[in-house]
Peer 1: 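Can you keep this structure in mind? I'll have questions shortly.
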Amino acid sequence: MTHHHLKASGATCHWGFFDAALKPKLVIASGDTVTVDTVTGAPEVHPKQGSGFTTPPEIADVHAHAEKTLPGHILTGPIAVEGAKPGHVLEVRIEDIQLRQDWGYNVIRPLAGTLQSDFHATRLLHIPLDLNAKVGKLPWGLDLELAPFFGVMGTAPPPAWGRVTSIVPRAFGGNLDNKEMVGGATIFLPVFVEGGLFSCGDGHAAQGDGEVCVTAIETALQGRFTFILREDLAFTYPRAETPTHYLTMGMDPDLDRCAEMALRDMIVLIGEVAGLSREDAYTLCSIAADLRVTQTVNGSKGIHCMLAKKLLSPKAA
């Protein structure tokens, strides 16, 4: 097992898209750990010189040289895992997440967000981040506790899909914006192409469920991930775990459809883990699982279903 460091640069970042044709920037073995540096935001959202804020020095190189063909997020990667083939699942353990800068930004834009007709002017906030106290200092005096996570984590899409925007979450993951994915969580991503080709970015210092104005506290993050190739798993849609909960997901423009997708997959998961019948699993979901709105702003909205692990006893072999 080897530790690697993939730094952000114009050569290691791609901007706005996922694509199965991308060449890997790093090739690793299953079980290896990778520290990944990310950056965030187009030039117009960055503080002016003399603001007193610090920014990762590679941002100018990324802005100038990262491949950009679609609107979306700046992503570092992709990382290929040796032996990963279509039909496998990539287990990505999020070992640790650290802030890389002392500010984040939040933007309100007209005709965007959950309330698209309610706000008619663009507002850009630069929010100071206290790296020691782990709080964001909001302009009305609130010190908000930070819980950093990557809004975007995904493998490459199926080759037939071509180049797809990073904005819309899909079966390969991508722009999930799931605030449960902090350090200590694990995400399971289907593999659709040789190597899997994992990329991440869209660092968030804090976010509410929904991410209703389109942006969280957007910032640059460093993540440490362990990648494990799972040939024993065969599902084709993202799942996740925290130390205490199982998570299943649904993404679709219709929130009702999202809820149905997440719930159906949780019923399957309960059967896999505990051997319960579909009827018993449906009952357990109704009395103990939580359907939560992941986000409502990414074209395809998101619902995740959460069930406490302590409620399931592993089925007998």
Peer 1: Do the ring planes of H14 and F18 sit parallel (below 30°), tilted (30 to 60°) or perpendicular (above 60°)?
Peer 2: perpendicular
Peer 1: Would you check if there is a donor-acceptor pair between the side chains of T40 and T219 at a distance under 3.5 Å?
Peer 2: no
Peer 1: Does N298 reach the main-chain N or O of N175 with its side chain, forming a donor-acceptor pair under 3.5 Å?
Peer 2: yes
Peer 1: Using distance alone, with no hydrogens and no angle criterion, decide if T12 and T76 have a side-chain donor and acceptor under 3.5 Å apart.
Peer 2: no
Peer 1: Is it true that the side chains of D96 and Q98 contain a donor and an acceptor less than 3.5 Å apart?
Peer 2: yes
Peer 1: For the residue pair S9 and V62, what are the closest heavy atoms and their distance?
Peer 2: C-CG2, 3.5 Å
Peer 1: Do F225 and I187 land in one hydrophobic cluster if side-chain heavy atoms of ILVMFWY residues count as linked below 4.5 Å?
Peer 2: yes
Peer 1: Say whether H204 and D202, considering side chains only, have a donor N or O and an acceptor N or O under 3.5 Å apart.
Peer 2: yes
Peer 1: Parallel, tilted or perpendicular: which one describes the rings of F188 and F235, with boundaries at 30° and 60°?
Peer 2: perpendicular
Peer 1: Determine whether T242 and L247 satisfy the following criterion, side chain to side chain contact (heavy atoms under 4.5 Å, CB included), listing intermediate values before the conclusion.
Peer 2: CA-CA 8 Å; T242 71; L247 282 80; 3.8 Å; yes
Peer 1: Do K134 and E145 sit within salt-bridge range, that is, some charged N less than 4.0 Å from a carboxylate O?
Peer 2: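 Looking at K134 and E145, the cut-off is not met.
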Peer 1: Between T294 and N178, do the side chains contain a donor N or O and an acceptor N or O under 3.5 Å apart?
Peer 2: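 Short answer, no.
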Peer 1: Does some side-chain heavy atom of F192 sit less than 4.5 Å from a side-chain heavy atom of W161?
Peer 2: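 No, their side chains stay 4.5 Å or more apart.
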Peer 1: Please tell me if the side chains of P56 and Q101 come closer than 4.5 Å, counting only heavy atoms from C-beta onward.
Peer 2: yes
Peer 1: V182 and P148: which non-hydrogen atoms are nearest, and at how many Å?
Peer 2: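 Closest approach of V182 to P148: CG1-O, 3.6 Å.
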Peer 1: Distance alone, cut at 3.5 Å: any donor-acceptor contact between the side chains of D102 and T54?
Peer 2: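 Present: a donor and an acceptor within the cut-off.
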Peer 1: Using a 6.0 Å cut-off, check whether atom CZ of R163 has over 12 heavy atoms from anything other than its own residue.
Peer 2: yes
Peer 1: D252 vs S300, test: side-chain hydrogen bond (donor to acceptor under 3.5 Å, both in side chains). Steps then yes/no.
Peer 2: CA-CA 4 Å; D252 190 84; S300 284; 5.8 Å; no
Peer 1: Would you call R239 and E241 a salt bridge, using N to O less than 4.0 angstrom?
Peer 2: no
Peer 1: Using only heavy-atom distances, determine whether the side chains of H3 and T35 contain a donor-acceptor pair under 3.5 Å.
Peer 2: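 Yes.
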Peer 1: Are any of the side-chain heavy atoms of M306 and M266 separated by less than 4.5 Å?
Peer 2: no
Peer 1: Report yes if some heavy atom in the side chain of M181 is under 4.5 Å from a heavy atom in the side chain of I94; otherwise report no.
Peer 2: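 In short, these two side chains touch, coming nearer than 4.5 Å.
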Peer 1: With a 4.5 Å heavy-atom cut-off, do L90 and T155 have their side chains touching?
Peer 2: yes
Peer 1: So which atom in T226 and which in G31 form the shortest heavy-atom distance, rounded to 0.1 Å?
Peer 2: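 Nearest heavy atoms, T226 then G31: CG2-O, 3.8 Å.
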Peer 1: Could you walk me through whether M251 and M261 pass side chain to side chain contact (heavy atoms under 4.5 Å, CB included), step by step?
Peer 2: CA-CA 8 Å; M251 286 91 80; M261 294 171 69; 5.5 Å; no
Peer 1: For D37 and H5, which I'm curious about, is there any donor-acceptor pair between the side chains at under 3.5 Å?
Peer 2: yes
Peer 1: Quick check: is I97 connected to V152 through a chain of hydrophobic side chains (ILVMFWY, heavy atoms under 4.5 Å apart)?
Peer 2: no
Peer 1: To the closest 0.5 Å, what do you measure between NE2 (H73) and OG (S166)?
Peer 2: 5.0 Å
Peer 1: Got a salt bridge between R292 and E180, using NZ or NE/NH1/NH2 to carboxylate O under 4.0 Å?
Peer 2: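 Yes, this pair counts.
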Peer 1: Answer yes when E58 and R100 have at least one side-chain N-carboxylate O distance shorter than 4.0 Å, and no when they do not.
Peer 2: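 The answer is yes: the pair qualifies as a salt bridge.
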Peer 1: Quick check: W15 with H65 (ring centres under 6.0 Å apart)?
Peer 2: no
Peer 1: Any side-chain heavy-atom pair from L312 and L284 closer than 4.5 angstrom?
Peer 2: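 Yes, close enough: below the 4.5 Å cut-off.
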Peer 1: What's the shortest heavy-atom distance between D130 and A133, and which atoms?
Peer 2: OD1-N, 2.9 Å
Peer 1: Quick one: does any side-chain atom of S199 pair with a main-chain N or O of L75 as donor and acceptor, under 3.5 Å?
Peer 2: no
Peer 1: Look at the side chain of E272 and the backbone N and O of G275, then say whether any donor-acceptor pair between them is shorter than 3.5 Å.
Peer 2: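 Answer holds: no.
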Peer 1: Using 0.5 Å steps for rounding, measure from the NZ atom of K68 to the SG atom of C13.
Peer 2: 13.0 Å
Peer 1: Should L229 and H88 be marked as a side chain to side chain contact (heavy atoms under 4.5 Å, CB included) after you check the CA-CA gap, both sets of side-chain angles, and the distance that decides it?
Peer 2: CA-CA 7 Å; L229 180 59; H88 293 161; 3.7 Å; yes
Peer 1: Do you know the tightest heavy-atom contact between H46 and A42?
Peer 2: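 Reported closest heavy-atom pair: CD2-O, 3.1 Å.
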Peer 1: Which heavy-atom pair separates M153 from F198 by the least distance, and what is that distance?
Peer 2: CB-CE1, 3.9 Å
Peer 1: If we only count heavy atoms from C-beta on, is the L255 to T296 side-chain gap below 4.5 Å?
Peer 2: yes
Peer 1: Side chains of L144 and V135, heavy atoms from C-beta outward: is any pair under 4.5 Å?
Peer 2: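 No. Closest side-chain heavy atoms not under 4.5 Å.
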Peer 1: Between the main-chain N or O of I28 and the side-chain N or O of H4, is there a donor-acceptor pair closer than 3.5 Å?
Peer 2: no
Peer 1: Would you please classify the geometry between the H126 ring and the F53 ring as parallel, tilted or perpendicular, with 30° and 60° separating the classes?
Peer 2: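 Rings of F53 and H126: tilted, 30 to 60°.
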